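Take a look at the structure below.
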Amino acid sequence: MKNNRRDFLKKSSLAGLGIAGVGVLNGFASEPEKGPWVSKSSIQTFNMSGYAAPKLETVRVGFIGLGQRGPSHLNAISKIEGTEIKALCDLRPESVNKAKKVLDGTSHNPAIYTGNEDEWKKLCERKDIDLIYICTPWHLHVPMAVFAMEQGKHVAIEVPAAVSMQECWQLVETSERTRKHCMMLENCCYDFFELLTLNMARQGYFGEIIHTEGAYIHNLIDLNFSDKGYQNMWRLRENATREGSLYPTHGLGPVCQVLNINRGDKMDYLVSVSSNDFMMAERAKAEAAKNDLYKEFVGKDFKGNMNTTTIRTTHGKTIMIQHDVTSPRPYSRIHLVSGTKGTALKYPEPRISNSHEGWVKEAEFKALEEKYTPNIVKKVGELAKKVGGHGGMDFLMNWRLIDCLRNGLPLDQDVYDAASWSSVWPLSEWSVNNRSNSVDVPDFTRGSWKKNQPHDIDLKKGGDTKVKI
Ligand SMILES: NC(=O)c1ccc[n+]([C@@H]2O[C@H](COP(=O)([O-])OP(=O)(O)OC[C@H]3O[C@@H](n4cnc5c(N)ncnc54)[C@H](O)[C@@H]3O)[C@@H](O)[C@H]2O)c1
């Protein structure tokens, strides 16, 4: 069986992994048994999990990409004490100038970089910046993050961090070599029910976790087809050309934390299946009939509307992740945690159960909330709700990032999380393109997952960073 699989992997196209032709050429050794996308080095040079960079009394921050997403992080950081916003960059002058206005009346007076597509490099080269937020289209995340880390900056990258297996490894290898933090901004890990269920899982409420589910089911078809939404319609272009679970990390991040992925367990292999596209190609034709701008999308081989990916972990747990950004369905990230003693399910509304008889009633739910709310929420939850940003989770994440840097603490999400969670996109793409055959998820930690420790949600250290609102 193993030999068949090895032959199969040798014969199969690797184009979907974004590493066509780079197997040996770019130093990514071809080891068919593990998959040809292992790192050139099977030994970790430096472990970034649990790594604490030197404390920064004041965190000096730069931002690249100030479209729909960047300004929300900018607003959050401007309210956290012990930060200085030094520079803002966006290709489009109107975006960067509008974002700067958010800072009127604050102590922050950042320099502006705009007008051409390489200006961001000047921001990265500044000597007075510690941390760079990268909130640009997906294909720019890794080039920008790698360059920034090479310039000695910590990076916080929007989701997904990388678009190919090669890029995932680039992040890992650069972060280890430069010893700069590379955090993916997976904000859903900081949503209130996700944090509650993470704490319950850690305290054993669910018993042994057997199975989890997550998703990104969000009807973005109008936004994707709007010429006023994503800059130059970059996201529609991704949907028109790429297959698989294009945006896996909102559903995956929280359940990976519940399962201690990269910290006691790891993803072993996955299989993935996609439906056909029944909506986007039609919509492209209809839009092109009214507006020439959409002509480039006519005749494109739009990929499936619904993707379902199933992952098995090394310790025999399963994860199901779905992606659908076109169907007229209510928003859902599912967030199911199913164990030997209990279950939690977030959508359509948060529920908990500890028997087959049904979900616990409101009073018991409240009592569980009271008992299991982690300290990070007790401390900053109410403030986070006031500042806002997806109901407060964005602020919790940004506050925690700054607090860790100011106190010289390891970050909650490290480069191995960024790489492994993002890798589910190119790996699922490969599986879909190969009749749902299984594909190994590489061990980005190269063995250190066995001893890496879960991150701290109880603020055992730190927690003293103040907020001004
Ligand atoms: N975590 C979340 O909840 C969440 C929500 C929305 C978006 N996102 C992520 O945020 C990122 C940005 O998404 P968005 O919705 O803001 O997209 P957007 O198109 O609105 O913004 C991207 C910005 O990047 C700028 N840009 C493009 N090329 C550039 C270059 N060379 N130099 C400098 N700036 C450049 C564009 O001008 C634009 O303003 C994506 O990765 C997306 O997945 C995450």
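Fair warning: this is a prediction, and the values are worked out from it, not measured in the lab. Order of appearance sets the numbers: ligands from 1, and atoms from 1 within every ligand.
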Heavy-atom distance to atom 30 (C) of ligand 1: which of Met144, Glu119, Glu158 wins?
-> Met144
For atom 4 (C) of ligand 1, which candidate among Met184, Arg69, His218 provides the closest heavy atom?
-> Arg69
Shortest heavy-atom approach to atom 22 (C) of ligand 1 - which of Gly229, Ser72, Cys135 = Cys135
Proximity of Asn187 to ligand 1 by residue part, where a heavy atom lies under 4.0 Å | side chain
So, Glu84 versus Thr58: side-chain donor-acceptor pair below 3.5 Å or not?
-> no
Does Tyr113 reach ligand 1, in the sense of a heavy atom lying below 4.0 Å from it?
-> no
All side chain to side chain contact (heavy atoms under 4.5 Å, CB included) counterparts of Thr136, not counting sequence neighbours | Ile64, Ile134, Leu140, His141, Met144
May I ask which of Gly67, Pro137, Gly389 has a heavy atom nearer to atom 24 (O) of ligand 1 than the others do?
-> Pro137
Distance flag, aromatic centroids of Trp234 and Tyr230, threshold under 6.0 Å | yes
What ring-ring contact (aromatic ring centres under 6.0 Å, His included) pairs are there with at least one residue in residues 98-134, not counting sequence neighbours?
-> Phe63-Tyr133, His73-Tyr133, Trp120-Phe147
Ring centroid separation Tyr416 to Trp449 under 6.0 Å = no
Parallel, tilted or perpendicular: rings of Tyr294 and Phe297 (30°, 60°) | tilted
The one among Arg92, Arg235, His250 that brings a heavy atom closest to atom 38 (C) of ligand 1 = Arg92
